[in-house]
Protein chains: 2
Amino acid sequence: MAGSTGSDEQAAPTIYDVARAAGVAASTVSRAFARPGRVNADTAGRIRRIAVEMGYRTNPVARALLSGRSSMIALAISDITNPYYFEIIRGAQAAAMEAGYTMLLADAQESDRLEREALDRAVQTVEGIVLASTRMSDTSIRMTAKLRPLIVLNRAVAGVPSVVTDHHHGIRQAVDHLHALGHSHITYLAGPEAAWSDGMRWQALREAAVELGLRLHRLGPYPPTVLGGVAAADDFCRRPTSAVIAYNDLLALGLLRGLSAVGVRVPQDVSVVGFDNIFGTDLVTPGLTTLAAPLHLLGRTAVQGLLALISGTQRPVDKPVTIPTRLVVRASTDQRRPTRIAAPAEQAELSDLLQTPSAGITTG
Amino acid sequence: MAGSTGSDEQAAPTIYDVARAAGVAASTVSRAFARPGRVNADTAGRIRRIAVEMGYRTNPVARALLSGRSSMIALAISDITNPYYFEIIRGAQAAAMEAGYTMLLADAQESDRLEREALDRAVQTVEGIVLASTRMSDTSIRMTAKLRPLIVLNRAVAGVPSVVTDHHHGIRQAVDHLHALGHSHITYLAGPEAAWSDGMRWQALREAAVELGLRLHRLGPYPPTVLGGVAAADDFCRRPTSAVIAYNDLLALGLLRGLSAVGVRVPQDVSVVGFDNIFGTDLVTPGLTTLAAPLHLLGRTAVQGLLALISGTQRPVDKPVTIPTRLVVRASTDQRRPTRIAAPAEQAELSDLLQTPSAGITTG
DNA sequence: GTGAAAGCGCTAACAT
DNA sequence: ATGTTAGCGCTTTCAC
């Protein structure tokens, strides 16, 4: 329809256009939107009506230049292809929208460099930042926190406000569950050493093991992916125990898959517990017993905290905000029975898996 | 360390600070970054060095105000909790970053209103928009396209450039596959009526059925979720066929689950084909046969097209760019055998599923 | 309660 | 090749 030359864009009306149409000064129009109380009610009404008629929208860029209020926050994520982030992103986005903020998403693709790069670019534009499972160093994080209000998710960094899940209590629930089922020897499949939560989980696990008199065994670290779990299955079969706790669900799902490939039955031969209750844990056979974190709440809490920081409502607090977890019991855990696991044979399986959609998915 | 009053932020150096330090005019500094060729090499080098020393970064907001170049694009998604978008987002983000662009993510949460709201807010800031599986009307889309360069994903809108997967060929592959396995009667589980791709798939299905002399049956529409698939299982059992093609993988996964709950075996009793090859389709038992779209490429193509539009390198083309699909054959499809499906009994199952992480996941 | 004017940091004209 | 000037659209003094 618009038979113009190239990229045909409509010139948006400015505040001056509205002011002229309403017969007032631009400053009055500005006030009518920002501080309606300080403008004559009639005038304000008229201005707003005219503004709507003209399709006027205040230019956020111009606003941001002077006031610094860009109404944008950034959410940086270590890897967007991890289902773990679904609800976190959504919770964050919901909280942001409710407050009239737009969310900028930076997927680090597991790369420290990309994460910094994306952040560098965004820092000056956004009013605040949420770092979810970041791979950056504590130092980098603190430096960024100096530039903008910042909240870290799933990690405690001294001097930077953070939101974390209650690893300690969560692990305890998982161990109690396995203990109650008669398991006395547990293997932990470790995640990336750089992951703060891996350290937390392992530590909590050791404490729980001591208290309950359980034997503990650690395998890994593995990449926190389905493929990592498949690899872990091999290792595990060489030193089997009756129960396994995996760093996260992706790893646990891979383990289930790897065990099934070599004929080890879950839960008859091994009980498996994961972390996070991500998409798919209820679809596989057997369903995965896992520690569910209220991910939506996690994202929401982080953003709300950030907005409070931005508005100055709240001063940065060093102590992490802790979100509780709950154990979701499914079919992958059961009573301990005499272990009978053969050595791995069909290694060929692995190469097949490389082509599948879940293989490359990773976690932070 | 910084014992200041409230939210302590460092004042970033401006272009004037750099200019003063370098003993040149601000415009020269600007040129040194934007058009190095038009500045004496020595001067440019000195300026850059000083800028780095001072930690100067050009303020993107100020730049955007004058030039309109915010270096940001928006990606609007109908529902971020759908694994379908994983790789799309990632491909899009990768393409954006390579070009020096930051990506703003708008999750519509299945809501037309939220989508428009988020877009309204972002339109003025971003240089262009990718609409993935949008729920907006053609009219809304065209209006937005008037404001900014825009590309639609998974939908053809007259007058707006788009990128779509080759439904026609894809469906044909799926039907050929089932046909070759001896299936002569296929049920299609329909997705949301608002979804453009649902219409496309159904149409392609009908054409293929006619050509191959197959009988076709349509059930639905269902919400394109795991839960929708569970519901579909009930309906399907009342009018069973030997093969099913679902609108998408989420629906197919739910179907597998629902069928398993009532004791219908896949693929012995029914063969099931999904769409998209999302995360998890290779983890369930049986693995889901599905039409894989190169999702990463889809996202990448859309953004690259958008950037070409923005830079003016390319004029908007009405004809959709088509991306090919390929059939991934897994265990959910097999030779046709005499159907023997009992009426549904255990309806109770459904309420259980409502609590699970995969239940609420939806698609666009 | 309203208007006038200055300026956020940058870049695009124009001038030299 | 570099400097000077003006102004993007808005908000925020400061007058009235």
Find out whether B/F33 and B/I15 are in side-chain contact, i.e. whether some heavy atom of one side chain is under 4.5 Å from a heavy atom of the other.
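Answer no - side chains too far apart.
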
Can you find a donor-acceptor pair, distance only, under 3.5 Å between A/S27 side chain and C/dA4 base?
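It does, because a donor-acceptor pair links the side chain of A/S27 to the base of C/dA4 below 3.5 Å.
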
Is it the case that the base of C/dG3 and the side chain of A/R31 share a donor-acceptor contact (distance under 3.5 Å, atom types as modelled)?
yes

For [X] and [N], is the shortest distance between a side-chain N/O and OP1 or OP2 below 4.0 Å?
X: A/T14; N: D/dG9; result: no
X: A/R35; N: C/dT2; result: no
X: B/T43; N: D/dA1; result: no
X: B/T28; N: D/dT2; result: no
X: B/R69; N: C/dA12; result: yes
X: A/R63; N: D/dT11; result: yes

Could you check which of [options] has an atom nearest any side-chain atom of [X]?
X: B/Y16; options: C/dG9, D/dT11, C/dG1; value: C/dG9
X: B/A26; options: D/dG9, C/dA4, C/dT11; value: C/dT11
X: A/S30; options: C/dG9, D/dC10, D/dT11; value: D/dT11

